[in-house]
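Below, chains carry the letters A, B, ... as their sequence lines are ordered, and counting in each starts from 1.
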Amino acid sequence: MLDIKFIRENPEVVKQGILNKNEKDTVDEILALDKKRRSLLQNTEELKAQKNKVSAEVGRLKKAGESTDHIFEEMRKVADEIKEIDDELRTINEKLNSLLTWVPNLPHNSVPIGKSAEDNVQVREWLPEDFKQEDDEKKLDHIQLGKKLNILDFERGAKISGSGFPVYVGKGATLERALINFMLDYHLQNHGYTEILPPFLVNKESMTGTGQLPKMADDMYTCEKDELYPIPTAEVPITNMHRDEMLAEKDLPIKYVGYSACFRREAGSYGKESKGFLRVHQFNKVEMVKIVYPENSYDELEGLVSDAEDILKALKIPYRILMLCSGDLSFAAAKCYDIETWSPAENKWLEASSCSNFEDFQARRANIKFKPSEGGKPMFAHTLNGSGLATSRLMVSILENYQTPEGKIIVPPVLQKYTGFNLID
RNA sequence: GGAGGGGUGGCAGAGUGGUUGAAUGCGGCGGUCUUGAAAACCGUUGAGUCUUCGCGGGCUCCGGGGGUUCGAAUCCCUCCCCCUCCGCCA
């Protein structure tokens with residue numbers, strides 16, 4: 001959520017930001033409602049001041065044993081008038097708030113202006129020392145490997161749940177579990193995070209707090225009867241842990257890392273892009289969440305990306321970092337880096353992580369504040385999160401990059417103590 | 001699922017219709033004392049919003065929403081959450 005005061009004072013900046021993000025500009029409508037709201041507010045508050053004054057007077061008169069009947073008739077009228085204005089005010093507030101929840105966060109100044117993913121800017125690329133690309137065309141893709149080695153079963157997943165719900169079998173399941181444990185341990189031991197294992201179903205307030213609702217309503221699953229939503233990412237429960245809380249500056253930065261299954265409807269995506277692991281409805285992810293002092297948030301973003309990179313370096317998976325352009329930024333993000341891992345069989349880069357700074361956009365929605373140590377007014381914290389990382393796309397890269405000419409998989413050395421085996425055949 | 005109890009400021013906890021935005025304690029901040037710290041003592045300390053260049057002033061907020069009343073933390077309705085006991089159960 002943007003600060004209404006900021007919108008009021010910088011309408012052109014907000015409009016430009018919305019435009020750069022390919023979102024709908026409702027600024028003029030918002031400003032008109034805001035103006036109306038303030039005028040009604042002044043109106044009703046004046047009447048309320050009068051009411052309060054008279055009511056206090058009644059108290060005094062009663063104590064003195066004097067008659068108060070003559071006052072009541074008049075005050076009843078004032079009370080009615082207040083009610084009328086407040087009703088109108090309520091309608092306007094609801095409309096205004098609903099419009100505000102649809103206004104995206106504005107891109108940070110350092111973000112390149114662009115329309116789509118084509119305009120994203122590569123920041124750097126990392127390849128393992130012994131990385132070779134010659135034999136790529138001979139390599140099996142992850143679906144072929146999964147079938148051949150009997151470690152992934154997409155067909156049975158489709159039977160028991162539907163397409164996009166993969167089943168991990170045997171060593172495939174163990175490898176997945178090893179990967180999750182490795183990533184969690186790595187962040188805990190080397191990057192100073194605190195582990196969280198969050199609920200996988202959250203309420204509407206949480207979904208709104210991090211910005212998934214209302215815009216992404218069609219992309220999430222719902223449990224209507226209980227008004228709960230299966231989480232699309234652990235970002236939601238973890239960030240919302242501190243919803244409606246007043247933190248102390250000395251608590252910051254808060255750094256959490258947590259595993260969760262992630263559930264996404266992926267409404268409207270079909271075809272080649274969606275085969276195998278490339279697009280699934282349920283996947284596993286280790287997520288990092290930071291709640292930080294505003295001034296430090298861009299440094300913390302760089303740190304977040306580097307924390308995710310460390311995992312790929314340890315696994316020796318080729319990757320590149322992209323800075324998303326304004327048009328490709330998600331609704332709540334001010335700046336975002338995507339990390340893409342190399343898939344030799346697909347012959348392309350696959351998004352395995354997204355690291356974003358939301359500045360105070362989520363904090364304002366979720367009401368996450370802190371008291372500055374130096375005193376003064378409470379401030380909204382800045383929130384960030386990044387995948388560290390999502391296993392499905394990463395698994396594609398691991399399987400494909402670690403396959404032998406015979407179509408077996410060598411378990412990446414750092415995972416071997418977690419799997420208990422070093423070859424899948 | 002049944003019965004009962006409870007949700008008040010950063011935290012703990014008083015307060016049951018009229019200067020109560022809220023006693024008190026803790027915590028925070030400032031100070032005295034001290035070589036320094038602790039302790040002790042003194043002072044100070046809720047949030048949001050509107051208005052004003054500023055000083056200031058107004059309004060709202062005691063789980064959420066609605067109602068009664070001239071006036072509600074306090075009474076009524078409703079929803080949510082937490083705790084205790086019983087039942088059921090992975």
Side-chain angles (χ1 to χ4, degrees), chain A residues 1-9 30-101 197-209 213 223-229 237 240-252 254 261 291 293 360 363-381:
Chain A
M1 191 114 78
L2 297 185
D3 185 359
I4 180 71
K5 245 186 279 178
F6 181 83
I7 300 177
R8 202 184 291 149
E9 285 158 17
I30 286 170
L31 290 178
L33 281 171
D34 177 55
K35 198 171 172 191
K36 179 86 180 158
R37 183 185 75 95
R38 280 187 295 161
S39 129
L40 287 173
L41 250 187
Q42 284 182 48
N43 231 320
T44 183
E45 285 182 359
E46 222 166 276
L47 291 171
K48 281 176 185 169
Q50 185 192 348
K51 180 194 79 175
N52 289 342
K53 221 170 168 183
V54 173
S55 291
E57 182 63 20
V58 168
R60 274 191 290 274
L61 288 174
K62 281 220 163 165
K63 217 170 260 176
E66 293 181 36
S67 161
T68 51
D69 293 352
H70 60 287
I71 296 177
F72 293 170
E73 181 69 15
E74 192 194 334
M75 288 325 288
R76 216 167 279 141
K77 261 191 264 174
V78 173
D80 285 347
E81 209 173 328
I82 290 173
K83 202 171 166 185
E84 206 174 296
I85 298 174
D86 280 353
D87 281 346
E88 193 182 349
L89 209 45
R90 194 178 310 156
T91 312
I92 286 177
N93 271 330
E94 275 167 20
K95 195 153 182 209
L96 187 58
N97 282 332
S98 132
L99 280 175
L100 283 173
T101 60
L197 208 170
F200 292 0
L201 300 183
V202 299
N203 58 29
K204 189 176 167 187
E205 288 72 26
S206 295
M207 280 294 194
T208 308
L213 283 177
C223 306
E224 254 170 62
K225 202 164 184 180
D226 299 290
E227 282 195 87
L228 290 170
Y229 304 83
N240 274 283
M241 280 172 62
H242 294 289
R243 172 155 50 81
D244 291 322
E245 286 189 11
M246 180 75 75
L247 305 164
E249 184 179 331
K250 65 173 160 52
D251 298 333
L252 306 178
I254 292 172
I291 300 177
Y293 189 79
D360 66 3
R364 188 176 309 262
R365 285 178 165 241
N367 191 27
I368 303 171
K369 292 194 217 174
F370 71 93
K371 271 206 158 87
S373 304
E374 303 296 309
K377 289 274 166 194
M379 299 168 75
F380 288 111

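On the P atoms, C11(B) is 14 Å away from G64(B), given to the nearest whole Å. Nucleotides G9(B) and C61(B) place their C1' atoms 11 Å apart, quoted to the nearest Å. Atom name P, nucleotides U19(B) and G28(B): the rounded distance is 33 Å, in whole Å. G27(B) and G46(B) have their C1' atoms separated by 14 Å, with the value rounded to a whole Å. G67(B) sits 31 Å from A14(B) when the P atoms are compared, rounded to a whole Å. For the C1' atom pair drawn from U8(B) and C55(B), the interatomic distance equals 33 Å after rounding to whole Å. Separating the C1' atom of A47(B) from that of G10(B) is a span of 11 Å, rounded to the nearest Å. Comparing the C1' positions of C62(B) and G4(B) gives an interatomic distance of 24 Å, to the nearest angstrom.
Checking K36(A), K83(A), K95(A) one by one against E88(A), the salt bridge (Lys or Arg N to Asp or Glu O under 4.0 Å) holds for a single residue, K36(A).
Spacing between atom CD of E205(A) and atom C1' of G63(B) amounts to 12 Å, rounded to whole angstrom units. At whole-Å resolution of the value, CD in Q42(A) and C1' in C59(B) are 11 Å apart. The interatomic distance linking K369(A) (NZ) with G46(B) (P) rounds to 14 Å, in whole Å. Protein atom CG of L41(A) is 8 Å distant from nucleotide atom P of U51(B), rounded to whole Å. Here C59(B) presents its P atom at 16 Å from CG of L89(A), a figure rounded to the nearest Å. Here U51(B) presents its P atom at 13 Å from CG of L40(A), a figure rounded to the nearest Å. Going from atom CD1 of I368(A) over to atom C1' of G10(B) covers 16 Å, rounded to whole Å. Following rounding to the nearest Å, D244(A) (CG) and C11(B) (C1') show an atom-to-atom distance of 17 Å.
Projected onto RNA chain B by closest heavy-atom contact, R37(A) and K48(A) fall at different nucleotides, the more 5' of which corresponds to R37(A). Nucleotides of RNA chain B nearest to S373(A) and E45(A) differ in position, and the one nearer the 5' end is that of S373(A).
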Could you write nucleotides 64-77 of chain B as a row of B, S and -, 5' to 3', where a protein heavy atom under 4.0 Å of any base atom gives B, of only sugar-phosphate atoms gives S, and otherwise -? --SS--BS------

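D34(A) pairs by the salt bridge (charged side-chain N to carboxylate O under 4.0 Å, His left out) definition with R8(A), R37(A), R38(A), not counting sequence neighbours.
A donor-acceptor pair shorter than 3.5 Å can be found between the side chains of S206(A) and N203(A).
Checking C50(B), G46(B), G48(B) against every side-chain atom of K371(A), the shortest atom distance belongs to G46(B). Taking only side-chain atoms of A49(A), from C-beta outward, the nucleotide of A47(B), C59(B), U51(B) with the closest atom is C59(B).
Using a 4.0 Å heavy-atom distance criterion, R8(A) is classed as a sugar-phosphate-only contact.
No donor-acceptor pair closer than 3.5 Å links the side chain of D80(A) to the backbone N or O of K77(A). A donor-acceptor contact shorter than 3.5 Å is absent between the side chain of T44(A) and the backbone of L40(A). The backbone N or O of L2(A) sits nowhere less than 3.5 Å from a side-chain atom of R364(A) that would complete a donor-acceptor pair.
Under the 4.5 Å side-chain criterion, counting only non-hydrogen atoms from C-beta, T101(A) is in contact with M1(A). Residues L213(A) and Y229(A) meet the side-chain proximity criterion, which asks for heavy atoms closer than 4.5 Å. A heavy-atom distance below 4.5 Å is found between the side chains of I254(A) and L247(A). Two residues are said to be in side-chain contact when any heavy atoms from C-beta on lie closer than 4.5 Å; L100(A) and I7(A) meet this criterion.
The strand RNA chain B forms stems, runs of 3 or more Watson-Crick or G-U wobble pairs with distances below 3.5 Å, at B:1-7 with B:80-86, B:10-12 with B:24-26, B:27-32 with B:40-45, B:46-51 with B:56-61, B:63-67 with B:75-79.
Between R90(A) and D87(A) there is a salt bridge, since at least one side-chain N of the basic residue sits less than 4.0 Å from a carboxylate O of the acidic one.
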